[in-house]
Amino acid sequence: MNESNDQEISPATEPKPSPFQVCHNKIQAIRSQIKKAVIGQDNVVDLALVSLLASGHLLIEGVPGLGKTLLVKSIAKAISGDFARIQFTPDLMPSDVTGHAFFDQNDSSFKIRKGPAFTNLLLADEINRAPAKTQASLLEVMQEQQITIEGTPHIIDKPFMVLATQNPLEQEGTYALPEAELDRFLLNATIEYPDASSEEAIVKMITEGHVGDSFATEQIEAVASTKDILAMQKVATKISVDDSLYSYAVRLVQASRQWPGIRAGAGPRATIALIRCAKALVLLRGGNFVTPDDIKQIATPVLRHRISLSAELEIEGVKVTNVIHDILEQVEAPRG
Amino acid sequence: MDLSKISIKLRPRNGYAAIDLGTRMAQKNWKSMFLSAVIFTLPLFALLIFLMPNHPIWAIFVVWWLKPLWERPLLLILSQDVFHQRPTLKEIILHGFKLLFKQLIPSITWRRFSPTRSFDAPVMQLENLSGSERRERLTALHSRSPSSISGMTIMMHLIESLMAFAIMLFILQFLPTDDIEWKIFLENLVTNSGLHLYYLLFAIGWYLAMVLMAPFYVAGGFSSYLNQRSIREAWDLELVFRQLAAKHKSRSFDYKNIIVSILVCSFIFITPKTYSADEQEIDLYAEQKSRVKAQIENIQSGPDYKRTETTTELRRINPLEPNSDEDESEEADESKSSSSSSLIGKEFGRVLSWLFLIALIVFILFKIPAMIEYFQSGARSKNEKLSNKKKPEQLFGLDLKLENLPDDIVQESKILWQQSQHREALGLLYRASLSKLIHQFDCEFEDGFTELECLIIVQQNQLSLSPYFSELTQAWRLLAYGHKLPSEQTFLTLADHWSNNFVPETSESNKQRGVDE
Amino acid sequence: MLDNTSKVETPEGIELPLEVAGVVPRSMAYFIDFLIFLTIAYILALVMGFLGSFGEGLFLILYFIIFWLYPVIFEVFRNGQTPGKKAMGLKVVHQDGTPISLNASFVRNILLVADFLPFFYTAGFISMLFNKDFKRLGDLAAGTVVVYTEKENKEDPIPQLKPKAPALPLSLDEQRSILSLAERHQQLSEARQQELSALLPEQLFPAKEENQSRLKQLHAFANWLRGH
Amino acid sequence: MRQQEFENLYQAKWLAFKEQCELLEKREPLSSEIDFSANYREVCHNLALAQQRGFSPGLVASLEKLAARGHQQLYKNRQSIFGRIIRFITQGFPRLIRQNASLFWLCTAICYLPAFIVFLIIWADPDMAYSFLGTDTASNLESMYNPSHERITENRDIDSDFQMFGFYLWNNISVDLRTFAGGMVAGIGSLFILLLNAVLLGAASGHMLNMGYEDTFFTFVIAHGAPELTGMVVSAMAGLKIGWGMIAPGNYSRKDALLIRSKEGVRLLFGAVFLTALAAPIEAFWSSIGTIEPNVKYTVGAICWVLVFAYLFLAGRKGVQDGSE
C-alpha cells in the first residue's frame, strides 16, 4: 500500500482554509518532520499517523532492527508527547507495564509508581515474547485506556497509542496472542527493508558523523501538541462518508467471512475500523470526503490481522494479503 | 494449637475428590506413616519368615490379613495431623499398641473384607463406638454415600497387587538365573511347583507394595469419612462456628479434646428419623454388596492375573527384540495367514491390496505436481486458481447492461438535472460511459474497481476519450462522495460532450482517436 | 492448608482452581479405556481375519493407530476426554488450565510406556501417588494435569426471611459459613442445623427476639449478608 | 455492594456469557457483535470481587466455573492441525534437524560406529556373529537371505506385501516411540535401544557378508534403510533430548527442563515417525521384490539415501515460519 495517484487527481479543496485543510497541513508538517528521521518507511509512518488520527493502536510485524523505536520517538517528538518503550521478555511482569503501589517509609503511606504505560506513545516491543499474563495487562490498558492499581483507577493521558511489534521469526518461546485479542489493534503494518535509495540516505546520514538515533530525533521539531492531536482526532471523525461507502465497507468485511479459504473472517469491529481509518487517511492525504479508494487502500492493514486462513490455503502457502487482495478485487466497489 | 490452623481445606467434595485429598494428606505424612507401618509389621513378617522359611506366602498372607490392625496407628497419625499435632514416634508406638486390641476379633474376621474398611475405621477408632451404636452410626454415614469408597478399595488393591508383581519381576531381572522367563515362573507359582525363592521374592514384593500403599489407603478412607461428615453434618461449618464461639467466650476454650468432642458429639442428629426404614434396607444391601465385593477382592488379590498378562506381552514385543528381527515374525505371520483365512477372503484381500497400492501410487503421482508447484511458487498458483474460479461472468452488479440504459442518455440526464435529481443525472452519464467503455471499447473492469481504477484502465488503453472521462469521473466523485454539486455549466458541458465521445460507433471512435476536447 | 486443587493464575489476574484428579479415578478411567481398546481390537481382529494377509496387514496398521493414538485422538478432539475419562468425569488440560494441544497429548500418551516401567505402570503409580498434582511421568513431561470436569453445581436458594443484621461483626470466613449453612439447609437435617446454630455464641443474636429460633435468625442473617 | 445487588446487576451478563461459552464449545461461531474477550474479562473482574468480598461459596463457585469455561475458549489453540503437520514436514522438521545438527551427528555416530566396529569384528572372525546375534537369529538370517531360498527368487504376493507393510509400520514406529520414551530414564533407554539396533545391524551385515549372501541382504535393506535408520537416529535424538534435560537441566529446575526438552523432543519424534512411516511402504512393496537386478536396487537405494539427506539438509531453507509449534 503506497500513495496512489489519488492526490493528483483528487479535487482541489475550497479556497478558504477549512478545518480539514488546517489539520491536513498540520499532519503533513508532522509527517515531514518524522520523515527527516525515519527514512524509507513511508508506508509504516503513514499507517502510524492514520492510527494516531483514528485513536487506535498499531500492530507492527517485521524483522527487528528496522527503526521501530526511532519511529515512535520521532512521532512523540513531533507531537510533543511522551514516549515509552517496553521490551517484552518472558520474565516481564504485568506491574512492569502498568506500575504498582509501594510503601513509602518517609511519610509512611502508599504511593503509586506509575509504569511505562502512562504515556502518550507506547512501543511494546515483541509482545509475543511475554507470558499471556503480561500481554493481557497491556491489552487491558489498550481497551480501557485506564490502569487500575490497588483498586484505584488511573486514567491515561490522551492521546494514547500503543505500537506493538510481533516477532514472526522466532517461534520458540513465544506466546501467541489469542485471536480474539488481536482485534484490539486497529491496524496491522508490516515493516520491510528500505529500498536501495532510502538505504543510501540512511547510510549517508549515519556515516556523516551522526551516529545513533539521537541525531535523527534531534533535528525533529515539535510542530504540534498533544492537544492538537486530540483536536485532529475530532476533526477526523467529521470527514464525510457517503452511504454507499458504509455498505461497501460492510460488503468487504462480510465477504471476508464468506470467502472460500478463510476460516475466521473479520468481525463488525473491522467495519468500524475500516471507516475510521479511511477518514483518518483522508485527513492525512488532504481531502474532506472518503472515496472508495481510501477504503480499498486501508483495507489490507485493517483486515490482515483479523482474518485467518483455512488449512488448505495455509498448506499452499497462500498469504492473508493475497486473499484480501482477491476480496478487494472482486467485491463490488460502489460506482454510479 | 489453634483451630484456625486446621491443616486441610474442608468443604463438601465429590467422592473421588475426597480420596484425592486423602492422597495429599498421605503425601504429607508419608514418612511417619510408612515408618510406623514398617515398625508394626516388619518384626512380625520377619518372625514369620524365620518360623516358616518354606512358606513365605503364608507369612505375607498373615501380614496382609492383619491389615486392619496395623493400619490403626497410621490413622492416628493422620487424625492428629489434621490439627497440626505431630506425635513423636514413641507416642505412636505406645498409642498404637493400645489401639491394636480395640475390637480385635470383629476387625480381623467378618469386618476384614468390608469394602469400606478404611472409611469405617474412624468410627471405631476415633469416635470410640462399638456394637449397635457403631452400626447405627455407620448406617447413617453410609446412606447416600458415594460408590467411590469401595471403588477405592478395589483400585488400591489392584494397584497394590500390580506393584507386588512388578517389584518381584524387577528383582528377578537382576538375578543371575538362567531361566528368568517370568511366564514360566508364573506357571510355577500357580501350580505350586516353583522354587521357594520365587515365593520369597513375591512375599517381599507384596510386603513392600503393602507398606507403600497402606498410608494412601488409610488416608483415602479417612478423608472420605471427613468429607461425608462435611456433607451430612456440615462438619466444616461446625469448625468455623466453634471457633467463632471460642473467640467470644470469656473463658478460654478447651482445645485439648477438640477432635474427640467434634467427632463424637453429634451423630444422633445426622438424618431425619423418617429415613430409618430405608436405611435398614440400605444396610442390608450394603452388607450383601460387601460380601460379593469381598469375594471379588479375594480373587483379585490372588496372583492369577490373566488380563494384565496379555497386556504385558503386547507391550514387550520390541524394546528387547528390536526391529531387525522382523524376518522371523514375517515367517511366523505367513504361516499363520495361510492357515487362518478363507480362500475368498484371501482373494478379496488381494484385490484390496492392489487397490491400495494403486491408490497410493495415484495419490503420489497426483500430488507430485502440487508439491513442485508448492516449492516453486507456492502462494500465487493456488491464489490464481482461486480468483479464476471466483471471477463472475456478469460484469457489474450495477445496471450497466446496454439494454437497460435509456436510448438517449444525454437527453435523459438533462431532464433529470432539470428535475433537480442531480445525482441521478450525473450518475446516469457516468454509468452510461462505463457501459460503453465495457461493451464498445473493450475495457476490462473488475468488480472491485473504483472509479479511479477504471480511469486508470481507460488511460492505459490510450483511448481518445480519456481526458473527457477523467473530467466526468472527477465530477462524479465529487458529487457522489464529497456531496459537492458541480455547477450547471460544468454539467451541461459534460452532457453535451458525452455523445461526442461515446455515441459514435466503435469504428468511428477509433478514427476519432487523437481528437481532443 | 492441604487441598486437592491447584490454583492457576490466569492472565487476567484471577485464580482458577483446578481440581486435580488422583490415582483412583484415573486408574478407573484407564481401565475403562483399556476395555474399550480391547473390544475395538477384538472386533478389528475378527473382521480382518476374513481378509487374509491383507487383513492382517490392515489389522496391524489399525491396531497401531488405536494402540498409540486412541487417547491422543480423543483428548485432542473431544475436549481432553477419552471415553473412560468422560465416564469418570475427568479431562486433561495443560497445567495452566488451557485446553490440551496435540503435542502435549502426544507426549503424555507416548510416555505411558515410561510410566509402565518396570512393569505394570509402577513408575506411573508411584509418580501419581507422590506428586502434588497427581501427575504421572507423561504428565510431568507434557505439562498436563487431569482435572475433574466441573459439574453443574447450581447455587442453592436460601430460605427467604426478613433480613436482619447479626449483632457481632463477622469475618469473611464466618459470613461465608453462615451463608453456606443457609444454602445447605435442604441437605442437612433440621436437628443438625439447630445443633450447629446452638454452637454460636449468645452475643451474636440480638437479645430481644428470643422467640425466633436461632436457626431462623441465622437464616435472616444470611439474607442480610446476601443483601435481600 | 451486597451480594444480591451484585447478582441482580450482573446476572444477565453471566447468563449471556454462559450461552456464548456454550456456543463456542459446540464450535459454533458467535454472533459478530459479541466481544467475547471483553465479556470474559468482566466475568474475571466479577469473580475477583466476589472472592474478595466473601460472597457465598455457591456464587463464587459458579463464577469460577464460568471464568474457567471462558478461559478454555479464549486460550484455545485454533490453528488447524492438518496445515501444521504439512508445514512441519516440509519445513519445520528439516530445520529442526539443522538446529540440532551436532546432536544429529552424535546420534548418527552412536548408531553407525558401533555397527561398523561389530561389522569389522565379525568380518575378521566369522564365529563372533553367533555371539553377537545368538544362534537363533543367525540361522534365521541365514535362511532368510539364502539366495536359493524360494522367496528371494520369487516375488511375494501382493497381499502378503501388504501384510508386511502393516507389520513394519506398527513395529518400527513402535520402536521409535519406545526409543523416545526410553529417554525418560535419563536417556539411557534411548541409547540402549539405539545401540542394540546398531549392533544387530552391524552383526547382521557382517554375517551375511561372510556367508556370501551379501547381494540378497543388501538389496533388501538398502532402500528402506535410508529413511528407517535415519528415523531411528532421530527418535534417539528425541529421547536424548529429554534425557539430557534430566541430567543437565542448566538454569532451569529439573522439572521445567524436562518440560522444555520434551517439547522439542516430541517434535523430533514426529519427524522420526514420519521418516519411519515413509520407510514402511518402501520396505514392504519395493525391497521385497526379489527379481530385480541388484544393480537397479543398489542405484535406487543410493538415491533413497541421497534424497533423505537432501531433504534433511536442504528442505525449508526458504520460507518464513515454522508451523510446528
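Treat the numbers as computed from the prediction; the structure is a model and nothing was measured. So you know, we letter chains A, B, ... as the sequences are listed, proteins then strands, and number each from 1.
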Between B/Glu453 and A/Asp293, which heavy-atom pair has the shortest distance, and what is it?
N-OD2, 4.4 Å

For the residue pair B/Tyr481 and A/Val290, establish whether any side-chain heavy-atom pair is separated by less than 4.5 Å.
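In short, these two side chains do not touch, never coming nearer than 4.5 Å.
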
According to side chain to side chain donor-acceptor pair (under 3.5 Å), who are the partners of A/Arg304, at least two apart in sequence or on a separate chain?
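With neighbours one apart ignored, the set is empty.
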
Contacting moiety of A/Leu245, where chain B heavy atoms sit under 4.5 Å
side chain

Considering residues at least two apart in sequence or located in another chain, which fulfil the ring pair (Phe, Tyr, Trp, His ring centres under 6.0 Å) criterion with B/Phe241?
none

